[in-house]
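So the structure is just underneath, and the comments pick up after that.
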2 protein chains.
Amino acid sequence: MRNRAGLETRQKILDATRSLLSERGLEGTTVKAVCDRASVRAGSFYNLFDSKEQVVMAVMREAIQAVDPDPEGTGDVGVGDLIEAYISYLGNDPALARVYLLVAINGSLTDEDTARRIARHHADRTDRFVAAMRHDRPELAATEIVARVEALLAALNGYTMQALLDPSFDFAAHARRLLTMEPAGDGA
Amino acid sequence: MRNRAGLETRQKILDATRSLLSERGLEGTTVKAVCDRASVRAGSFYNLFDSKEQVVMAVMREAIQAVDPDPEGTGDVGVGDLIEAYISYLGNDPALARVYLLVAINGSLTDEDTARRIARHHADRTDRFVAAMRHDRPELAATEIVARVEALLAALNGYTMQALLDPSFDFAAHARRLLTMEPAGDGA
DNA sequence: CGCTTTCTTGAGCATTCACTCTAATTTGAA
DNA sequence: TTCAAATTAGAGTGAATGCTCAAGAAAGCG
């Protein structure tokens, strides 16, 4: 093993970047702050990463990956399972969830690649939820399922945002309640 | 009228700041960029505003105000009216909506005052929607109404975020569809 | 032990940032 | 027309940013 030390430093930098992004946002996450928190000098940073942007993107990819723990191939997953997985993820590592929203909204304005990445992830997530709802409610029409999933995910994202803004917000309870909601057909 | 010129310049600066925030986000909105777009020199900027933060806050207050056009005192407003108002606002001036989300998520991390302002606005908006839903469905229990409004607003915010990320997203159609959704009581 | 590769250091670079200041210009009341 | 206040211009400040680089320390191989 030739570069163990380098890998350890790399991890320290990633950890520092993730926590800083979560605590202070994009603007507050400077290379100096990252280096200080990681106990590393600027030279080491640029020995392992080409730019600040590259680290931020690495953390964001980490966040995207984590948003929905991968049930890879499991066919009998319901919407409830996906929601529960998301709840526990957001409870265990709120930092990553914050980073996701932060970088999505900020990065998408300036960086086209980020915008595509986020869009792609959202499409994948929608597909996953659609499959889960088809498993739960095989009697529903395809378009109906998509519409419900879109509303569900929008609400989930809205609650995530709220949790980011207000730490005392009970995300789990609100998220679970979404499970009991469904279209009435003809509304008020 | 002693300071008409100053007022015009002030407006030019506010317009430039709003559009820049919407297009490039907080980081991309520099004082130089604002001055360039407003065709004004730095000296004029600081003659009218104390700091960059002050202009950003002014635009944000504008955005908060605009998010829900004020029906001030009108008692017979339904949820549908509020949603339609929001749709037309977001359609007519997407820049302000983007600014709102942007500053809410970024500013709340660093600035405590912004965080309070956003929280307060969210509470007010919730109250408005609760009143509207009470008008539509007087038979529902208070707690039930609050729960539905919370889900509705979360979905609305989620869709807003999506519209910000993807300009081709049909916000109006999705927002209107939320009107037809309601809890099933006992879900799947 | 020697020797190459990998890693770290930390001073320092160019650039950009928000912001200041003085002098000049414009404005509007008298 | 006069004059003072309001407004603007634009060079300039210091601090902070992302990033570079030459030199040395540490690590792993023979």
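First the proteins, then the strands, lettered A, B, ... as listed; each starts at 1.
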Next item on the list: Begin from the C-alpha positions of B:Asp166 and B:Gln162 and carry the test side-chain hydrogen bond (donor to acceptor under 3.5 Å, both in side chains) through to its verdict.
Entry: CA-CA 6 Å; B:Asp166 173 17; B:Gln162 206 165 331; 6.0 Å; no

Note to self: Test of understanding: with side chain to side chain contact (heavy atoms under 4.5 Å, CB included), list the residues that count as partners of B:Ala119, not counting sequence neighbours.
What the structure shows: none

In whole angstrom, what separates [X]'s [atom1] from [N]'s [atom2]?
X: A:Lys32; N: C:dA11; atom1: NZ; atom2: C1'; value: 14 Å
X: B:Arg10; N: D:dT8; atom1: CZ; atom2: P; value: 12 Å
X: B:Asn47; N: C:dA23; atom1: CG; atom2: P; value: 17 Å
X: A:Glu27; N: D:dG18; atom1: CD; atom2: C1'; value: 15 Å
X: A:Phe49; N: C:dT8; atom1: CZ; atom2: P; value: 11 Å

Next item on the list: State which of C:dT9, D:dT8, D:dG10 makes the closest approach to the side chain of B:Arg41.
Entry: D:dG10

Item checked: C:dT16 OP1/OP2 closer than 4.0 Å to side-chain N/O of B:Thr30 -> no

Margin query: It should be established whether B:Thr9 places a side-chain nitrogen or oxygen under 4.0 Å from OP1 or OP2 of nucleotide D:dT8.
Written below: yes

Next item on the list: Could you tell me which residues satisfy side-chain hydrogen bond (donor to acceptor under 3.5 Å, both in side chains) with A:Arg134, sequence neighbours excluded, listed by chain and number?
Entry: none

Checklist line | Derivation and outcome, side-chain hydrogen bond (donor to acceptor under 3.5 Å, both in side chains), residues A:Arg125 and A:Asn157 | finding: CA-CA 12 Å; A:Arg125 193 148 91 118; A:Asn157 286 336; 2.8 Å; yes

Check: Just wondering, more than 12 heavy atoms not from B:Arg61 lying within 6.0 Å of its CZ?
Finding: yes

Taking only N/O atoms, report every protein-nucleotides 19-22 of chain C pair under 3.5 Å with atom names and distance.
{"residue": "C:dC19", "atom": "OP2", "partner": "B:Tyr46", "partner atom": "OH", "Å": "3.0"}
{"residue": "C:dC19", "atom": "OP2", "partner": "B:Lys52", "partner atom": "N", "Å": "2.7"}
{"residue": "C:dC19", "atom": "O5'", "partner": "B:Tyr46", "partner atom": "OH", "Å": "3.3"}

Note to self: Can you tell me how the ring of A:Phe171 sits relative to the ring of A:Tyr159, calling it parallel under 30°, perpendicular over 60° and tilted otherwise?
What the structure shows: perpendicular

